[in-house]
Amino acid sequence: MNPSLTPPQQAAVDHFEGPLLVLAGPGSGKTRVITYRIARLLQRGVLPEEILALTFTNKAAREMSERVYGLLGSARVHVSTFHSFCARLLRRFPDQVGLKDNFTILDAADQVQLVRQIMKELEFDTTTLDPRRVLNRISNARNNLITAEAFRQQYEERVGDPIDTVVYEVFPEYELQVLHQNSVDFDALLLHVVDILGGNEQMREFLDRTYRFVLVDEYQDTNLAQYRIVRGLSQIFPNLCATGDPDQSIYGWRGARPENLAQFEADFPQTQVVSLDQNFRSTQAIVQCAGQLISHNTRRHRSELFTENPPGDPVRLRVFADSEDEAHGVAEEIAEHVSAGRAKFSDFAIFYRVNALSRPVETALSFHGVPFQVASGYSFYDRAEVRDLLGFLRLIENPADDVAFSRVINRPARGIGEKTLQTVAAFAREHQLSLLAAAGQAEKIPGLGARRRGPLKEFHELIGNLAEAALKGRIDRLIERLIGEINYMSLWVDENDEVDEDRRGNVYELINAARLYEDAVQAGGDTPSLQGFLELASLTSEVDSVDESRGAVTLMTLHAAKGLEFPTVYILGVENGLIPHDRAMKHGDPASYQEERRLLFVGVTRAMQELNLTQTRRRNFRGSWRSTISSPYVPEMQLEVVCEDDELAPPVQSISQVDARIEKARLRYEASKKRQDSPAIMSAADLERRMRSEAIRIEKGGDAARRRQQADSDSPTDAAEQADESQSQETAEVSVPTESAGTALDEARQALQRLTQKKKSAAAATAKPPRFALGESVRHPRYGRGVVTEVSDGSSRATVTVQFEVDDRCETFVAAHCPLQPLGRTGNAS
DNA sequence: TCAGACGACATTTTT
DNA sequence: TGTCGTCTGA
């Protein structure tokens, strides 16, 4: 039918009724197949409204419906995320699960807050046990469809750990309160729908008939709830098309069940399986590399990925001295490529395992004048000011939303603190009221001084008035009125403070978002509502706003990279402990080890033309330098190893150079701000702050690098000599600014001095004789015998690095409190 | 009630 | 090294 489709792609497109499983490797044209398939179904007379396509991200949903639209010109096909599909369903049938149609959606932060509050009510200590861990347990249980009741039963039948003891009490209370507030969290959105499908056969049948053709993207990422939903919709009409790739399952830790994919054929006996193995995205070198890597996993569907693309450059592994070099090396290279006209900024993406790795890169990119955007991190809707205002809006929409009430009651300060809130809450519970309703009856609440009653009543009245206004007017006007009435901007008034300026900007941006929402909905012929706007806000995340067309380098975690592609990709920190991450390896679970490998596989397969993996010899980790070990996945791939170690001198040799560079960077920043076409790189103040701390770190890092040289060298005599040499080198470098004593000392140097002075005096105050010496033999309760290879200087945070006999394992400990036992010195290093 | 000091903490997180 | 929640004194 379409000449540009490969035979397997064509088969997937032409398949009509019955279950279809599309195993789609990375870059195999999956989205294309899905959109063509939808078009083909419509061509065959299926009605658009009979087709439901479910995705995990808004981005995927948007992309799919845009492409369907592009193909057909119009489409009333339902394309949405699991969560918004469920939200919409619950708005239609709220009473099925005991909600009202104006229910509000709790976000992650609200959930934590609620758990924290419940823990306090039940008199659990929130300092020793992080509410997030409790919430995690609850969420995990619910992902597996374990209700509070079932959890309690299970708990009683086995010996639980201390956390479960708390969960045991908190879980049912949490569920109850969420429901009482007429709200749902992300998990409940799905669970309620599972309940409807499982508990009401008539309803299930109705929905099954409504959505005769269901398509699910990224099926390997579905959790048990999503699995049930999909199955519930495909009984009478099992016209279910699932696409996925077991090799890209990277959300197991979050309850995703890749086995759903493996089980598909068993669940739907008539399944036709199509395997898409031709990669259209990457060069042969990249595809080959990815194939080598993933072949080390045990895989059920092991089809080889192949490509007919050109061979391309070999995949490189670049080794840098430390994370600063790594950051500057990458930034510099990107800057060069672009200024030489070989590429544009948006061609580049930088991936990393943990968000913490992005900071030095952000600094370096700014430094080299490279515009960038960071995906994830703080979402717009997570900003304090935005959440405040959304809290108000939620309370206006749903007066029972106690979490929202607690958030905004004292914002801006009305003199209602913790204590008062507790009194109100107690009264509310006793009389079965929402907090807002209780506030409205403040005069009846015992134990409240007159000084607290006034503000409570006023607040109640304010929300009431605004709720009335909300029924009539536009949402943007409502927010404006709200801001006016509570004098919200008075919280962020400092004209010169960039943070405040930023916050005010966000407030206007929220108003703007409301306006855009309203206009868009009206243009689509629907009626905008506060409810709809709130839903949009809760179910939208920042990752969606990553825009490849913005002319900027994209920075993101490997997880966030899934589904994207870039001409040139850098994957930073391909080191043991990062990929695979230490935490993931905690239990020595081979499944996690494989999931980490898949994560790297996902990163690798994002690259179209060029792929660079990087690693460093040492990394600044939470303030101290640690030597690194290469990732065990590295030897699994054919890579060209490039040592950038000696080539790249530290970017700043002396502190006096810092100011000149800061000035340059500031000019660049100002220029880019004026141009407006490229996104602002980083605020000038921010950049300066970072660069100064970087300069300080470089000083320390240089020091550490020399110490490493010393430790690494073979003979002790050599080490001593080198140490001497580096001493003199260091004086030569650092003394440059000191010698120019006539000139005013620059701020950075002062900062550096203050810092070192402070450190010195702190060290002097708590000075203890060093507990460990270089070359000393020690014993660790878990890792056994080892030799001290490095001891940091005598500050209170002194660290020892030990090379253990087992596996050549190398670990760094804080000297002050580590379980190392000295075993006396061995001959060679004193 | 609030601002600042102190100390515990530190993956990934489509919604 | 940073961030965030809790504690404490004004």
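Note: hydrogens, waters and symmetry copies are ignored here, and every other heavy atom, side chains too, is used. Numbered from 1 within each chain, the chains take letters A, B, ... in sequence-line order.
The only option from A/T243, A/T57, A/T55 that meets the side chain to side chain donor-acceptor pair (under 3.5 Å) definition with A/D217 turns out to be A/T243. Checking A/E575, A/E326, A/E324 one by one against A/T616, the side chain to side chain donor-acceptor pair (under 3.5 Å) holds for a single residue, A/E575.
Side-chain rings of A/Y633 and A/Y593 approach one another, their centers coming within less than 6.0 Å. A/F405 has its ring centre less than 6.0 Å from the ring centre of A/F459. Taking the six-membered ring for Trp and the full ring otherwise, A/W253 and A/H559 have centroids separated by under 6.0 Å.
B/dT13 atom P lies 16 Å from atom CG of A/N140, rounded to whole Å. At whole-Å resolution of the value, CG in A/N143 and P in B/dT15 are 15 Å apart. Distance CZ (A/R583) to P (B/dT13): 15 Å, rounded to an integer number of Å. Atom pair A/R132:CZ and B/dA8:P shows a separation of 16 Å (rounding to whole Å applied). Note: OH (A/Y352) to P (B/dT11) measures 14 Å, nearest angstrom. Protein atom CG of A/D130 is 14 Å distant from nucleotide atom C1' of B/dT11, rounded to whole Å. Whole-Å rounding puts the A/F82 CZ to B/dT13 P distance at 20 Å. Note: CG (A/L536) to C1' (B/dT15) measures 13 Å, nearest angstrom.
Map A/T420 and A/E596 each onto its nearest nucleotide of DNA chain B; the residue landing nearer the 5' end is A/T420.
The listed nucleotides are C/dT3, B/dT12, B/dT15; the one nearest the side chain of A/V354 is B/dT12. For A/H581, the side-chain atoms get nearest to B/dT11 when compared with the rest of B/dT15, B/dT11, B/dT12. If you check B/dT12, C/dT3, B/dT15 against the side chain of A/R359, the one that comes closest is C/dT3.
The same atom, C1', is picked in B/dT11 and in C/dT6; the two are 25 Å apart, to the nearest Å. Remark: the separation of the C1' atoms in B/dT12 and C/dG5 is 23 Å, to the nearest Å.
Taking 4.0 angstrom as the limit, A/N136 places none of its side-chain polar atoms (N or O) nearer than this to OP1 or OP2 of B/dT13. A close approach under 4.0 Å does occur between a side-chain nitrogen or oxygen of A/N58 and OP1 or OP2 of B/dT15. One finds no side-chain N or O of A/S538 lying less than 4.0 angstrom from the OP1 or OP2 phosphate oxygen of B/dT15.
Counting any heavy atom pair closer than 4.0 Å across all strands shown, A/D221 reaches a base atom.
Ring-to-base geometry does not place A/Y251 in a stacked arrangement with B/dT13 (centre distance under 5.5 Å, plane angle under 30° required).
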Protein-nucleic acid N or O pairs under 3.5 Å, nucleotides 6-8 of chain C:
{"from": "C/dT6", "atom 1": "OP1", "to": "A/R116", "atom 2": "NH1", "distance (Å)": "3.0"}
{"from": "C/dT6", "atom 1": "OP1", "to": "A/T126", "atom 2": "OG1", "distance (Å)": "3.0"}

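By the side chain to side chain contact (heavy atoms under 4.5 Å, CB included) test, A/A53 is found to be paired with A/M64, A/V79, A/L215, residues two or more places apart in sequence or in another chain being considered. Take A/R137 and apply the side chain to side chain contact (heavy atoms under 4.5 Å, CB included) test, not counting sequence neighbours, and it matches A/D161, A/I163, A/D164, A/V167.
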query: Is there a salt bridge (Lys or Arg N to Asp or Glu O under 4.0 Å) between A/D322 and A/R618 once you walk through the steps?
result: CA-CA 5 Å; A/D322 57 37; A/R618 24 182 49 226; over 6 Å; no
